[in-house]
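The structure appears right after this line, and notes come after that.
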Amino acid sequence: MSSGDHRFVQLMASLDSPMAIVTTASDGQQAGCLIGFHSQCSIDPVRYAVWLSKANRTCRLAVNAAYLGVHFLEPTAGHRQLAELFGTVSGDDIDKFERCAHQQGPEGLPLLTECANRFVGRRVAMSDDGSDHVCFVVEPITITSQSPMIPLRFHTVEDLSAGHDADEAPT
Ligand SMILES: Cc1cc2nc3c(=O)[nH]c(=O)nc-3n(C[C@H](O)[C@H](O)[C@H](O)COP(=O)(O)O)c2cc1C
């Protein structure tokens, strides 16, 4: 099936995924990007999967990182700005963390203080099936939550253009 099959594109868009920001740190550097590809993937033990584009700086750092921060976005003006910052520009070009409030998690992991619903995940597996995204599976170890939480969904950010298109991935 081609990536441009409009029935598949429409089907996925109609799921209207909740949006999140993944952060990571390795080799003394920090990175983070907006994601729509993420889900709980095991109940016992609890596991969560995120898929990062090989074109993204965040993926390049995550490959060597022990922890990922997963931040769930809500439909507020502040979170819309975070979605734009982390989704439309690359850490290859600017320092995103100079432009948003954050605190340090384990091993220098940046945690976005404006996101009240987030967790720190310890990486337990990584899989590359040769597609343009890499799957990282994490065990949630520190959870911060504030309920009720209403997710910011894909349809409210579908106007954004990704900082790196997936087809920029190195072969
Ligand atoms: C609506 C939307 C959804 C996105 N979903 C993902 C995703 O699931 N995984 C991913 O790796 N990148 C995703 N991106 C792309 C990255 O957020 C974007 O390319 C970012 O600028 C990469 O930053 P980096 O190079 O600093 O990692 C998405 C972007 C947008 C606008």
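It should be emphasised that the depicted structure is a prediction, and the values quoted were computed from it without experimental measurement. Just follow the structure's listing: the first ligand is 1, and inside any ligand the first atom is 1. Residues: numbered from 1 along the sequence shown. Scope of the values below: all heavy atoms of this structure, side chains included, with no hydrogens, waters or symmetry mates.
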Between [X] (side chain) and [Y] (backbone), is there a donor-acceptor pair under 3.5 Å?
X      : Y     : result
Ser42  : Arg47 : no
Lys96  : Leu82 : no
Arg123 : Ala62 : yes
Asp27  : Gln29 : no
His71  : Thr23 : no
Thr88  : Leu85 : no

Report yes or no: do [X] and [Y] form a side-chain donor-acceptor pair below 3.5 Å?
X      : Y      : answer
Asp16  : His155 : yes
Ser53  : His133 : no
Glu168 : His164 : yes

Give the numbers and elements of all ligand 1 atoms closer than 4.0 Å to a heavy atom of [X].
X      : answer
Arg57  : 24 (P), 25 (O), 26 (O), 27 (O)
Trp51  : 7 (C), 8 (O), 9 (N), 10 (C), 11 (O)
Leu160 : 31 (C)
Gly32  : 26 (O)
Ser90  : 23 (O), 24 (P), 25 (O), 26 (O)

Which residue supplies the protein heavy atom nearest to [atom], what is that atom called, and how far is it?
atom                    : value
atom 20 (C) of ligand 1 : Phe86 O, 3.4 Å
atom 19 (O) of ligand 1 : His164 N, 3.0 Å
atom 26 (O) of ligand 1 : Gly91 N, 2.7 Å
atom 6 (C) of ligand 1  : Leu34 O, 3.3 Å
atom 12 (N) of ligand 1 : Asn56 ND2, 3.1 Å
atom 1 (C) of ligand 1  : Met19 CE, 3.8 Å
atom 29 (C) of ligand 1 : Ala162 CB, 3.9 Å
atom 27 (O) of ligand 1 : Thr58 OG1, 2.6 Å

TODO: Using heavy-atom distances, let me know which of Cys33, Ser161, Gly87 sits nearest atom 18 (C) of ligand 1.
DONE: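 Nearest option to atom 18 (C) of ligand 1, by heavy atoms: Gly87.
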
TODO: With atom 11 (O) of ligand 1 as the reference point, say which of Ala55, Cys59, Gly36, Ser53 has the nearest heavy atom.
DONE: Ser53

Task: Ring geometry between His102 and Phe97 (parallel below 30°, tilted from 30 to 60°, perpendicular above 60°) - done: perpendicular

For ligand 1, indicate whether the residue [X] contacts it via side chain, backbone, both or neither (heavy-atom separation under 4.0 Å).
X      : value
Glu158 : neither
Val89  : backbone
His133 : side chain

Open item on the list: Using a 3.5 Å cut-off on N or O atoms only, is Asp92 in polar contact with ligand 1?
Closed with: no

Open item on the list: So that I can tick it off, tell me whether Asp167 and Lys54 are bridged by a salt bridge, with the cut-off set at under 4.0 angstrom between side-chain N and carboxylate O.
Closed with: no

TODO: Could I get the full list of side-chain hydrogen bond (donor to acceptor under 3.5 Å, both in side chains) partners for Arg80, not counting sequence neighbours?
DONE: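 Here the qualifying residues are Glu84, Asp159.
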
